[in-house]
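Atoms within a ligand are numbered from 1 in the order they appear, just like the ligands themselves. Computation of the quantities below employed the complete heavy-atom set of this structure, encompassing side-chain atoms and omitting hydrogens, waters and symmetry-equivalent molecules. In this text, all values refer to a predicted model and were calculated from it rather than measured experimentally.
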Amino acid sequence: VVEQADVVVVGAGVVGAACAEALSAEGARVLVLDRGAPAGGTTAAGEGNVLVSDKEPGPELELAKLSRQRWPELLATLCDELGPGLAHAEWEAKGGLVVATTADAVEPLTNFARAQRDAGVRAEWIGLAEAGELEPHLTKDITAAVHYPDDAQLQPVLAATTLLAAVRGRGGEVRSGVTALSVTTTVTGALGGVRTDSGTIACGAVVNACGPWSGEFSACAGAPIAVLPRRGIVLVTAPLPHTVAHKVYDADYVGAVTSDDVDLQTSTVVESTRAGTVLIGSSRQRVGFDETVRIEVLRELARKSVNLFPVLARVPVMRAYGGFRPYAPDHLPVIGEDPRLPGLWHATGHEGAGIGLAAGTGSLLADLYTGRRPAIDPFPFRVDRPAVVEEVSA
Ligand SMILES: Cc1cc2nc3c(=O)[nH]c(=O)nc-3n(C[C@H](O)[C@H](O)[C@H](O)COP(=O)(O)OP(=O)(O)OC[C@H]3O[C@@H](n4cnc5c(N)ncnc54)[C@H](O)[C@@H]3O)c2cc1C
C-alpha cells in the first residue's frame with residue numbers, strides 16, 4: 001500500500017489511467033484516486049473509437065496519430081506484462097468509412113481528406129461500388145466515400161482497467177470512493193499533497209484527470225482552468241448478426257465535432273461492437289450536467305442512422321446512454337504542468353476523443369514529467385493558453 005506517492009492522479013477514467021500507466025512505467029510511485037468506480041465517468045459512455053479520420057490537420061491530429069500508433073504497442077506490452085486475461089481491451093483496427101450523402105457534401109469531404117493526406121493520414125477515395133463491398137448494408141444513396149484504414153476501436157472500460165492493472169502490478173495503487181477536495185502547499189508555495197475526504201496524501205505532483213469535472217477540481221486546487229461538459233447520447237441496438245463492419249459516419253460529423261453551437265447537433269456515427277450490438281451516435285449539446293435522456297435526441301439519431309443503413313429500421317433498440325464530454329473552449333486538450341502552481345498537472349479537455357487520445361496523452365505527460373523531449377510539440381496543449389485560463393477569470 002502506498003502511503004506517500006510520487007504522483008497522485010485524480011480521476012480513474014481512461015485519461016487518468018493512461019497517465020498513471022505511463023508515469024509508473026517511468027518508475028514513479030503512483031496513486032490513482034476516484035470518487036466513484038474506475039472508468040465509471042465519461043469513459044463508460046464512450047463508444048471506443050480511436051480515430052484519425054475526424055481530425056483536421058493541426059495539433060489534435062498530431063496527438064491522434066501518436067495515440068493511434070501507441071495504443072496497439074501499449075496493449076501488446078501490457079499483454080506480455082499482465083497476461084491476455086487481464087490485458088484484453090477488444091482492440092480492433094477495423095478502419096473507418098466516411099460518406100457524403102448529398103451533392104453539397106462532396107467537395108468539403110474531398111478537401112478535408114486531401115488536407116489530411118497532406119498531413120500524413122492514410123485516406124483513400126473509393127468508388128460507390130467499393131463502398132458497397134466494404135459495407136453491404138450501406139445505403140446506395142451516397143455521393144462520395146473515403147476509407148481511413150487507420151481508424152480503430154477498443155472497449156474503453158476494459159482499456160482503462162487494463163492500464164490500471166499495470167499500475168497496480170508495478171506497485172502503485174488505485175483507490176475508489178475517495179474524493180479529492182484540494183491540494184496542499186509547502187511553506188515555499190510548492191505543491192505538497194492532495195487533501196481528500198479520507199485524509200491528506202503527501203506527494204510531489206498531482207495530475208488533474210477529472211474529465212468534465214476538471215474545471216471544478218482545478219478551482220478547488222486554486223488554479224482554475226476552463227473545462228466544461230458537452231452532453232452526448234448513444235443508442236444501442238440489440239445484438240445483431242454481422243451488419244456493420246467499419247466505423248461508418250456521415251461527413252457532417254466533422255462539422256458537429258468542431259462546432260461552437262450550444263444547441264443540439266446530431267450526426268450519424270454507426271459501428272458494431274464485439275458483442276454484436278450496433279452503437280448509433282451521437283449527439284452534442286451543452287446542457288451543463290443535465291442527465292435527462294430526451295426522446296427527440298434519440299429520434300433524430302435513429303432517423304439519421306436509418307438514412308445511412310436502411311436495414312436498421314427493423315432492428316430493436318436495447319438501450320440508450322449518455323455522458324459528458326470534457327471540453328476546453330478552443331477544443332484542444334489541456335496537457336501539462338500548471339505554471340501557477342508547479343507540481344499541479346492537468347490532463348483533460350479531450351472532448352469527444354479522450355479514448356482515442358489517451359495513449360498519446362499518457363506518453364506526452366510522462367515525457368514532460370521526466371523532462372524528456374516529447375514526440376510531438378506540447379505547446380498547443382499548454383495550460384496557460386488564453387482560452388483555458390482567461391475564460392475562467394473573465
Ligand atoms: C456519448 C459519448 C461518446 C463518446 N465516444 C467516444 C469515442 O468513440 N472515442 C473517443 O475517443 N472518445 C469518445 N468520447 C469521449 C470520451 O469518452 C472522453 O473524452 C473520455 O472518456 C474522457 O476521459 P477522462 O478520463 O478525461 O474523464 P472521465 O472518464 O470522466 O474520468 C474522470 C474521473 O474523475 C473522477 N473525478 C472527478 N472529480 C473527482 C474528484 N474531485 N476526486 C476524485 N475523483 C474525481 C470521476 O469520478 C471520473 O471517474 C465519447 C463521449 C461521449 C459522452
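When only interatomic distances are considered, the shortest N/O to N/O separation between E47 and ligand 1 falls below 3.5 Å. In terms of polar-atom proximity, G354 is counted as a contact of ligand 1, with an N or O under 3.5 Å from an N or O of the ligand.
Closest to atom 51 (C) of ligand 1, if we only count protein heavy atoms, is R325 CG, 3.7 Å. Looking from atom 28 (P) of ligand 1 to the surrounding protein, the closest heavy atom is T42 N, 3.6 Å. When only non-hydrogen protein atoms are considered, atom 2 (C) of ligand 1 lies nearest to A45 O, 3.5 Å. For atom 47 (O) of ligand 1, the nearest non-hydrogen atom of the protein is D34 OD1, 2.7 Å. Scanning the protein for heavy atoms near atom 43 (C) of ligand 1, the closest one is R35 N, 3.2 Å. When hydrogens are left out, the protein atom nearest atom 9 (N) of ligand 1 is N49 O, 2.9 Å; that is the closest non-hydrogen contact. Shortest contact from atom 31 (O) of ligand 1 to any protein heavy atom: G13 CA, 3.5 Å. Scanning the protein for heavy atoms near atom 23 (O) of ligand 1, the closest one is T43 OG1, 3.5 Å.
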* To do: Would you please test W213 and F324 for ring pair (Phe, Tyr, Trp, His ring centres under 6.0 Å) and show each step?
  => CA-CA 9 Å; W213 303 278; F324 299 99; 7.1 Å; no

Q. Given V7 and R29, is the side chain to side chain contact (heavy atoms under 4.5 Å, CB included) satisfied, shown in steps?
A. CA-CA 6 Å; V7 185; R29 278 189 310 161; over 6 Å; no

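Among V227, T361, L33, I355, the residue whose heavy atom lies closest to atom 16 (C) of ligand 1 is I355. By heavy-atom distance, the residue among A180, G322, S176 lying nearest atom 40 (C) of ligand 1 is A180. Between G46, G177, S282, P326, it is G46 that holds the heavy atom closest to atom 50 (C) of ligand 1.
A donor and an acceptor atom, one from each side chain of T102 and D104, are nowhere located under 3.5 Å apart. Side-chain contact, T273 with T277: a donor N or O sits under 3.5 Å from an acceptor N or O. Counting only N and O atoms by type, the side chains of H346 and S214 include no donor and acceptor under 3.5 Å apart. Side-chain contact, T184 with R195: no donor N or O sits under 3.5 Å from an acceptor N or O. Side chains of E271 and H246: no donor on one and acceptor on the other come within 3.5 Å.
Heavy-atom proximity to G11, at under 4.0 Å, picks out these atoms of ligand 1: 33 (C), 34 (O), 35 (C). Remark: ligand 1 atoms within the under-4.0 Å shell around heavy atoms of G211 are 26 (O), 27 (O), 32 (C). Within ligand 1, counting atoms from 1 as listed, the ones closer than 4.0 Å to a heavy atom of A353 are 10 (C), 11 (O), 12 (N), 15 (C). Taking every heavy atom of G356 and a limit of under 4.0 angstrom, the matching atoms of ligand 1 come to 10 (C), 11 (O). With ligand atoms numbered from 1 in the order given, ligand 1 contributes 1 (C) to contacts under 4.0 Å with heavy atoms of V234. Taking a cut-off of under 4.0 Å to the non-hydrogen atoms of V14, the atoms of ligand 1 that pass are 23 (O), 25 (O). Of all atoms in ligand 1, listed by their number and element, those nearer than 4.0 Å to a heavy atom of V15 are 23 (O), 24 (P), 25 (O), 26 (O). When each atom of ligand 1 is checked for a heavy atom of E351 under 4.0 Å away, the hits are 15 (C), 16 (C), 18 (C), 19 (O).
Screening R325, R230, R286 for a salt bridge (Lys or Arg N to Asp or Glu O under 4.0 Å) involving E351 leaves a single residue, R230.
With a 4.0 Å heavy-atom cut-off, ligand 1 is reached by the backbone of V178 but not by any atom from C-beta on. Looking at A209 against ligand 1, only its backbone comes within 4.0 Å, counting heavy atoms.
Side-chain atoms of S53 do not come within 3.5 Å of backbone N or O of G96 as any donor-acceptor pair.
Using a 4.0 Å cut-off between charged side-chain N and carboxylate O, E26 and R372 make a salt bridge. For K247 and E47, the salt-bridge test fails: no basic side-chain N is under 4.0 Å from an acidic carboxylate O. A salt bridge links E216 with R35; the closest basic N to acidic carboxylate O contact falls under 4.0 Å.
Distances shorter than 4.0 angstrom occur between a heavy atom of G352 and an atom of ligand 1. Heavy atoms of P212 come nearer than 4.0 angstrom to ligand 1 in at least one pair. Put simply, no part of V50 is less than 4.0 Å from ligand 1, judged by heavy atoms.
Applying the 6.0 Å contact sphere to CD of E107 captures no more than 12 heavy atoms from other residues, nucleotides or ligands.
To the nearest 0.5 Å, atoms CG (L332) and CG (L63) are separated by 9.0 Å. For the atom pair OG (S176) and CG (D34), the distance works out to 6.5 Å, reported to the nearest 0.5 Å.
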